[in-house]
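For reference, the structure discussed in these notes is given below.
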There are 2 protein chains.
Amino acid sequence: MRIKDIAKLAGVSPATVSRVMNNNGYVKDEKREAVLKVIKEVDYQPNSIAKSLKNQKSHMLGVIVPKISTETASRVVSGVTEVAKAHGYQVLIANTDLDIEEEINYLKFLSNKSVDGIVMMGTEITDRHLEVMDKLTVPIVILGQEVFGYTSIIHNDYEASYQMTAYLISQGHKAIAFIGVSEKDKAVGVIRKNGYLDCIKDHGLEVDEELMAIGDFDIDTGYQMMNKVLEKKIPTAVYAVTDHLAIGATHALLDKGYRVPEDVSVVGIGDIKLAEYLNPPLTTVHYTFKTSGKMAAEVVFDLIHRVRTKGECLMTTFELKKRASVKNIR
Amino acid sequence: MRIKDIAKLAGVSPATVSRVMNNNGYVKDEKREAVLKVIKEVDYQPNSIAKSLKNQKSHMLGVIVPKISTETASRVVSGVTEVAKAHGYQVLIANTDLDIEEEINYLKFLSNKSVDGIVMMGTEITDRHLEVMDKLTVPIVILGQEVFGYTSIIHNDYEASYQMTAYLISQGHKAIAFIGVSEKDKAVGVIRKNGYLDCIKDHGLEVDEELMAIGDFDIDTGYQMMNKVLEKKIPTAVYAVTDHLAIGATHALLDKGYRVPEDVSVVGIGDIKLAEYLNPPLTTVHYTFKTSGKMAAEVVFDLIHRVRTKGECLMTTFELKKRASVKNIR
DNA sequence: TATGAATGTGAAATCGATTTCAGTTATTTC
DNA sequence: GAAATAACTGAAATCGATTTCACATTCATA
């Protein structure tokens with residue numbers, strides 16, 4: 001069923017059908033009714049691709065995520081889809097599986113008019129990214145990393161990291177192990193580490209390299225890094241930069257016979273859904289990822305509608321979730 | 001940059017540019033090179049919407065999920081995107097947030113030529129769904145529920161449920177509580193219950209209504225339903241039809257002072273990522289959701305390419321994960 | 001009742017690609 | 001060397017909607 005067919009059935013021209021559908025221009029009441037009747041009868045749905053071509057907008061938002069099957073990414077996508085829906089938009093998923101080449105390909109692909117705006121969950125932003133992003137004609141919002149000249153939404157990683165470390169210190173901990181990730185990821189790898197380091201120094205404690213380990217993002221890495229630290233020193237608390245790392249670390253501790261939190265306290269960052277159901281419930285930082293996703297989408301729409309200018313950096317809030325995995329040893 | 005501009009720059013007609021881009025038809029080598037040179041120079045990306053309109057295919061797959069922010073859904077989407085990518089396809093997400101109206105709207109929307117195929121993660125399939133699905137011109141695959149006349153991919157819920165119950169019985173359990181969900185969800189609400197009931201009967205045990213409770217899908221419901229059962233009876237084992245319900249049940253037990261698994265064993269279904277990191281690690285059934293997603297996508301492509309006919313019902317495998325949450329009391 | 005404004009309508013151009021069709025040039029084949 | 005075939009090319013139609021433009025009708029106002 002094309003607009004032509006509807007026009008014929010209703011005894012009008014395609015132009016009139018279009019005017020009825022989009023509610024613009026003059027149409028005599030009787031013709032409008034006739035058209036609406038036919039539309040209802042045949043359950044006519046206009047071809048959205050033809051619409052997109054003519055209107056030069058696709059009513060689609062692209063979301064580039066490093067790994068859709070993670071809790072963080074899926075929460076962000078959930079937020080984005082919610083806002084998109086409210087604007088009558090669809091969401092196109094680009095799942096890069098942490099492949100930088102893919103990320104760049106998707107940026108290129110999404111730019112050639114197939115979406116009206118892009119939300120990118122950033123991990124590592126390289127010069128190649130910037131090169132492609134410079135040529136982009138559609139608005140883009142980067143989530144999770146600050147990129148100069150581009151609209152970014154970041155979590156207050158520094159402050160969260162600092163406060164978490166300060167909390168451990170306030171509970172009497174001095175030997176606080178740090179389990180982090182590669183510096184390629186600015187937000188998680190660099191900023192969270194800086195928060196930890198600065199806090200340690202500000203409180204007049206020593207930074208001890210032997211208490212620090214760097215690895216990947218998964219639970220298993222947390223396990224291994226914890227063991228690596230335990231070979232040299234036994235901390236009273238462990239600060240892992242993600243909840244998954246914290247879970248891995250906890251298991252390494254338990255396997256070595258240490259009790260959590262009686263012997264060693266453990267904290268993470270992220271507040272995954274199950275954090276409070278772990279045993280012991282994990283002390284962590286709650287980032288509102290769904291809210292970030294919503295915010296990112298709102299901002300993209302602002303950029304699309306030109307009610308906001310490119311280049312801002314917004315920050316989302318966080319909340320320290322104090323749970324049983326930390327013991328006061330003061 | 002349109003194909004016309006490229007044509008002008010290369011000193012040929014748009015038709016020739018198209019022939020070069022799509023590698024069909026005759027083009028003299030020198031012209032081909034000239035065109036390719038220009039394409040590379042200006043980094044020309046053809047407008048995919050115009051392509052879609054002319055070619056009558058969008059190279060997009062629609063995925064309808066009840067709630068993208070769940071582990072199950074995001075794993076399925078991950079599988080679908082992987083296969084889609086391999087076929088040069090994009091994935092459009094339709095997140096219904098468990099709203100049936102939305103599900104039907106999306107079915108309608110996706111059908112009008114904006115996607116070439118649909119994967120729907122089904123929960124409850126109503127007559128309204130069927131009515132809309134009957135009119136669909138694009139292939140659809142339903143994941144998680146069997147729908148007569150439509151291609152479905154289901155998890156072997158009956159067998160999984162039966163085997164899990166049988167395992168508990170084999171460990172000496174006789175009073176096995178059941179925490180289920182509404183029968184609106186055929187697969188989880190009806191089939192898993194039947195697996196439990198049949199297994200109980202087949203082993204000559206009594207079905208005890210007081211050991212059974214039905215509720216929603218969330219952790220909290222698991223907690224409440226467990227408490228409801230505990231008011232009447234104290235089982236030696238609890239079979240919850242999802243891992244989240246099992247987690248809720250475990251917490252209810254712990255809060256009431258029972259130890260798991262020393263006093264009461266607990267099992268779930270689904271094998272969420274953290275199941276093995278819970279304390280105690282949860283005995284559960286591992287469904288390969290990502291694999292199901294992949295399979296669903298493959299089947300959609302088969303339907304698109306007409307190398308498979310509509311109406312089949314495929315079944316995915318599962319694996320019983322025996323972990324510490326079950327105690328042998330024989 | 002004339003005259004301008006408001007209302008109403010459809011033919012045709014447009015969005016950016018693909019493809020048919022008709023015509024031209026090069027290459028075989030007899 | 002003529003005829004048949006293959007290689008090549010671009011103008012124009014097409015996909016299905018929207019919108020301009022030109023024209024027709026109704027309505028209000030002096």
Side-chain angles (χ1 to χ4, degrees), chain A residues 1-36 38-39 42-60 88 90 108-116 137-138, chain B residues 1-36 38-39 42-60 88 90 108-116 137-138:
Chain A
M1 269 296 168
R2 299 154 308 165
I3 198 168
K4 239 194 211 173
D5 304 316
I6 304 298
K8 198 159 285 176
L9 287 172
V12 298
S13 75
T16 300
V17 177
S18 173
R19 283 191 267 259
V20 171
M21 299 278 301
N22 300 289
N23 239 329
N24 68 356
Y26 296 110
V27 179
K28 213 175 240 173
D29 277 353
E30 37 196 315
K31 299 219 172 190
R32 161 169 286 117
E33 313 247 303
V35 169
L36 288 174
V38 173
I39 287 176
V42 305
D43 195 19
Y44 168 64
Q45 298 261 72
N47 181 310
S48 56
I49 292 171
K51 269 178 105 113
S52 297
L53 179 58
K54 180 63 205 183
N55 295 337
Q56 299 288 348
K57 46 179 131 128
S58 62
H59 281 259
M60 289 194 289
Q90 288 292 308
K108 276 191 193 168
F109 172 84
L110 293 177
S111 68
N112 68 332
K113 291 282 151 215
S114 41
V115 298
D116 298 344
T137 52
V138 295
Chain B
M1 268 298 166
R2 298 152 310 163
I3 197 169
K4 239 194 209 173
D5 305 317
I6 304 297
K8 197 159 284 175
L9 287 172
V12 299
S13 75
T16 300
V17 177
S18 174
R19 283 190 267 260
V20 172
M21 300 278 301
N22 299 290
N23 237 332
N24 68 356
Y26 296 110
V27 178
K28 210 175 243 173
D29 278 352
E30 37 196 314
K31 298 217 173 193
R32 162 168 285 117
E33 313 248 302
V35 170
L36 287 174
V38 173
I39 288 175
V42 306
D43 194 21
Y44 169 65
Q45 299 260 70
N47 181 311
S48 55
I49 293 171
K51 269 179 103 112
S52 297
L53 179 59
K54 181 66 205 182
N55 295 337
Q56 298 289 343
K57 47 180 132 127
S58 62
H59 280 258
M60 289 195 290
Q90 287 293 307
K108 278 192 191 165
F109 172 85
L110 293 177
S111 68
N112 68 331
K113 292 280 152 215
S114 40
V115 299
D116 298 345
T137 53
V138 294

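Owing to the predicted nature of the structure, the values given are computational and were not obtained by experimental measurement. Quick note on labels: first sequence line is chain A, next is B, and so on, each numbered from 1.
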Contact summary for B:His59 and B:Gly88, nearest pair of heavy atoms: ND1-O, 3.7 Å
Exercise: identify the closest heavy-atom pair between B:Arg2 and B:Tyr44: C-CE1, 4.1 Å
Heavy-atom pair with the smallest gap, counting every atom of B:Ser114 and B:Met60: O-CE, 3.3 Å
N or O in side chain of A:Lys31 less than 4.0 angstrom from C:dT9 OP1/OP2: yes
Start and end of chain B contact along DNA chain D [non-hydrogen atoms, under 4.0 Å]: D:dA7 to D:dG16
hbond_proxy A:Arg19 side chain to C:dG10 base (donor-acceptor, 3.5 Å cutoff): yes
For residues 17-25 of chain A, run the donor-acceptor check on the side chains, cut-off 3.5 Å, and write out each pair with its distance to 0.1 Å, sequence neighbours left out.
from    : atom 1 : to      : atom 2 : distance (Å)
A:Ser18 : OG     : A:Asn22 : ND2    : 3.4
A:Asn22 : ND2    : A:Ser18 : O      : 2.9

Proximity to DNA chain D (any heavy atom under 4.0 Å), residues of residues 6-18 of chain A only: A:Ala15, A:Ser18
Separation of atom NZ in B:Lys28 from atom C1' in C:dT24, rounded to whole Å: 10 Å
Stepwise side-chain contact (heavy atoms from CB on, under 4.5 Å) test for A:Val138 and A:Leu110: CA-CA 9 Å; A:Val138 295; A:Leu110 293 177; over 6 Å; no
Gap separating the CG atom of A:Leu36 from the CG atom of A:Asp29, nearest 0.5 angstrom: 10.0 Å
Residue-phosphate contact under 4.0 Å: A:Tyr26 side-chain N/O, C:dG8 OP1/OP2: no
Smallest separation among heavy atoms of B:Asp116 and B:Ser58, with atom names: OD1-N, 2.9 Å
Salt-bridge criterion met for B:Lys8 and B:Asp5 (N-O under 4.0 Å): no
Closest-nucleotide ordering on DNA chain D, the 5'-leading residue of B:Asp29 and B:Leu53: B:Asp29
